[in-house]
Amino acid sequence: MTGANGSPESVPELVAALTTAEKLSLVRGDYPGRGERGVPVAGYLPPVERLGIGPLRLADGPLGVRSGEATAFPATLALGATFDPSLASTFGRAVGAEARAKGIDVLLAPGCNLVRVPQCGRAFEYYGEDPHHSGQFAAATVRGIQSQGVVATPKHYVANTQEHSRVTASAELSERALRELYLRAFETAVTEADAGAVMAAYNRVNGTHATSHERLLTDLLRGEFGFEGPVVSDWWAVNDGLAAAQAGLDLEMPGVGVAHLAAMSGGPNLLHELRARWPDRLYPERLLGRLIAYAGRPGGIPEPSGSLFARSLPAALGSDTVRSRLDEMVRRVLSLHRRVGALPGESRREADPDRATHRDLARRLAVRGTVLLRNEGVLPLDPGASVALLGPAIESATTGGGGSSAVTPSRAVSPATGVRERAVGPVTVEPGHPPVGENSLTGALFDRRSPGEPTVNVAAVQNAAASVDTAVVVVNDDAGEFSDRETLALPGAQDRLVRAVAETAAQTVVVLQTAGAVEMPWLDAVDAVLELWYPGQEGGRALASVLYGDVAPGGRLPVTFADPADYPTTDPGRYPGVEGDHGYPEVHHTEGLFVGYRYLDEQGLDPLFPFGHGLGYTTVAYESATAALDGDRSVQVTVENTGERAGREVLQVYVQPPQNNVVRPPRELAGFRSVELAAGERRTVAVPLDDRTFTRYNEGVGDWVLDPGRYTLAVGRSARATPLEVTVDAASVRR
Ligand code: BGC
């Protein structure tokens, strides 16, 4: 159809009307022209004014909108710890609305990679170690974001589970592990939530760059999952322009060099961006120095990586296949314009988010994502009691980790501020340890860790701890994009700090703010441990409300906490990988399906705290469970709050396979449901089961198969505490 004024109206008509140069301008990012700068962005797609096609603005990310000031929400892992995907939808709606209000069309979120390596620097940007759980959260987040007229971009497709050598390494893994583990969250986000874009990762998969991986991009994502939007490259992740286009990559980002990107994504972050986005190996200090010197003049800056599409596609357009592929790329890119209202004659949705409501949401999410790992009867605290607030992170808010997900909030509440606001009794504050890491401009530019171990002011913390009812020690790590944590130990001398406090204090509560699992060598010496992850801008208030019992901590572990030697990735061949014959590191996923709790179960190892674990302030009894296998499959679980306070329980169902010769994890999360129970309340709750609960991927058949036999559905409060069981025969399971 053609509009009244003769302009094309549908996407195919637009594609037919575009010149080759215009088509090429729609498949790679660029630097905004004069008057188009607008808000800080990570990526920009210029308009085609002649045809009324608007520009597109792309911004990070998973913890909030990275464009000027925005609400800094808790980490993705904290969201995963809520075990309540409806909160992910609410979160998605909030970030979507903030993005929309800023004129951002595409949000580079959510992070959908599995936490395979516990020390992964970006673990906090992902939902956890279980594919069913991650899939539910990914889909809910995408739905929320997209409900606001903004496109979501699940990333990084696929098997991008470490920062170490992230642009060179190849994830070497089986088809079955890909299907059952690493693809699941992407598949769910696409098939159940209609994600509008997908970001292809930096790494290679079985030797081929993810951005040039025809089987992953075209056969699976499109052919099998039915994805109709564009695949967007991670920033400078295209390795070979023509190969990527032919394999199924549609949009190259950012399409401009590092300095232009820095200029576009906001002056204050310039140095950080330069260093952070260009790994040392590729971007030596000397060149960095030159770039910094030229920073104010983007036009004159050396451009080590502009657009590979611009370099390779024009010359290849003599081929019919490449020409028709370019048309398809443009069609897919224009689906973004269609979704956000940037096609001719359309307009973007209005949004006027209420930032006060979003701050409150950030607090509620932090509360619900907080996991009470241990409580020897000390929590909740009496507001009238005296407390000493200790630790390097006590006076600063841990809003997130380093890298592209870092959000700039207009204000942030530190643990000390949160507790001071709420406490009735006396509060003393004594950090006792220098700040850990910085995640800041200088922190990212220069080595974050100062040489030698920092000193703990033992006398000061012990004095403070000795004179109060309770010592609260807030400790943290400093993870971020671009590198993994070196170990799972708390950085600096924080373990020494905790021990010093525990020796003196009448009771000690440790508050962790970490990117993921962490070692706790002092565990038995302390009375309570709370894990807040990176709790976002309202973390201090969330902490106070949990400490004083205004609300029970709602979180459960989305990752296993174990002895560092007990994770599957302790073997260097598995992590960080070994140099192979092809000149790049190979990361051999020889653990196969046994990631996270699946590995510890298989090996018969006991975790420090199992997947799914988290205490509340009440007790819940599991009474009975029955399976309903007709229609929507579920397990009906009856539970009773046997304590004196209201509380939340996360009912978890794990499937155990029949005894046969098939390799399969001893148990896998099949469903979960978070419920609120008043004191004394008894309820029967339906826990919906994943469609693939009973099946597994059969590589020979190339499909999901149901093996005969009896399956057990184990029901309880963690992967290691399942008081109820229901047995089901495969014959009664309809596929
Ligand atoms: C990250 C992506 C991010 C992109 C744009 C990359 O370094 O891996 O997650 O969306 O930069 O900022």
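Ligands are counted one by one from 1 in listed order, and the atoms in each one are counted from 1 as well. The chain is numbered in sequence order, starting from 1.
- Within ligand 1, counting atoms from 1 as listed, the ones closer than 4.0 Å to a heavy atom of Met199 are 10 (O).
- The proximity of Arg122 to ligand 1, defined as any non-hydrogen pair under 4.0 Å, is limited to the side chain.
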Mind running side-chain hydrogen bond (donor to acceptor under 3.5 Å, both in side chains) on Gln136 and Thr188 for me, showing each step along the way? CA-CA 7 Å; Gln136 295 303 301; Thr188 315; 5.6 Å; no

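- Under 4.0 angstrom from ligand 1, there are no non-hydrogen atoms of Met253.
- Residue-ligand proximity, Glu481 to ligand 1, at heavy-atom distances under 4.0 Å covers atoms 1 (C), 6 (C), 7 (O), 8 (O).
- Each of the following atoms of ligand 1 lies closer than 4.0 Å to a heavy atom of Lys155: 2 (C), 3 (C), 9 (O), 10 (O).
- A donor atom on one side chain and an acceptor atom on the other are not found under 3.5 Å apart for Gln162 and His164.
- For the residue pair Thr71/Gln537, the side-chain donor-acceptor check at 3.5 Å is not satisfied.
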Between Glu129 and Thr560, is the side-chain hydrogen bond (donor to acceptor under 3.5 Å, both in side chains) condition met? List the steps. CA-CA 8 Å; Glu129 70 187 25; Thr560 302; 2.6 Å; yes

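- Using a 4.0 Å cut-off between heavy atoms, Arg166 contacts ligand 1 through its side chain alone, with no backbone atom that close.
- By the 30° and 60° cut-offs, the orientation of the rings of His133 relative to Phe137 is tilted.
- Using a 30° and 60° split on the angle between ring planes, Tyr126 and His156 fall in the perpendicular class, above 60°.
- Under the 4.0 angstrom criterion for non-hydrogen atoms, Tyr202 is in contact with ligand 1.
- Those atoms of ligand 1 that come under 4.0 Å of a heavy atom in His156, given as number and element, are 2 (C), 8 (O), 9 (O).
- Contacts between Arg66 and ligand 1, counted as non-hydrogen atom pairs separated by less than 4.0 Å, are absent for every part of the residue.
- The pair Arg311-Asp240 does not count as a salt bridge, with every side-chain nitrogen at least 4.0 angstrom from each carboxylate oxygen.
- The option with the heavy atom closest to atom 10 (O) of ligand 1, from among Leu58, Val41, Asp60, is Asp60.
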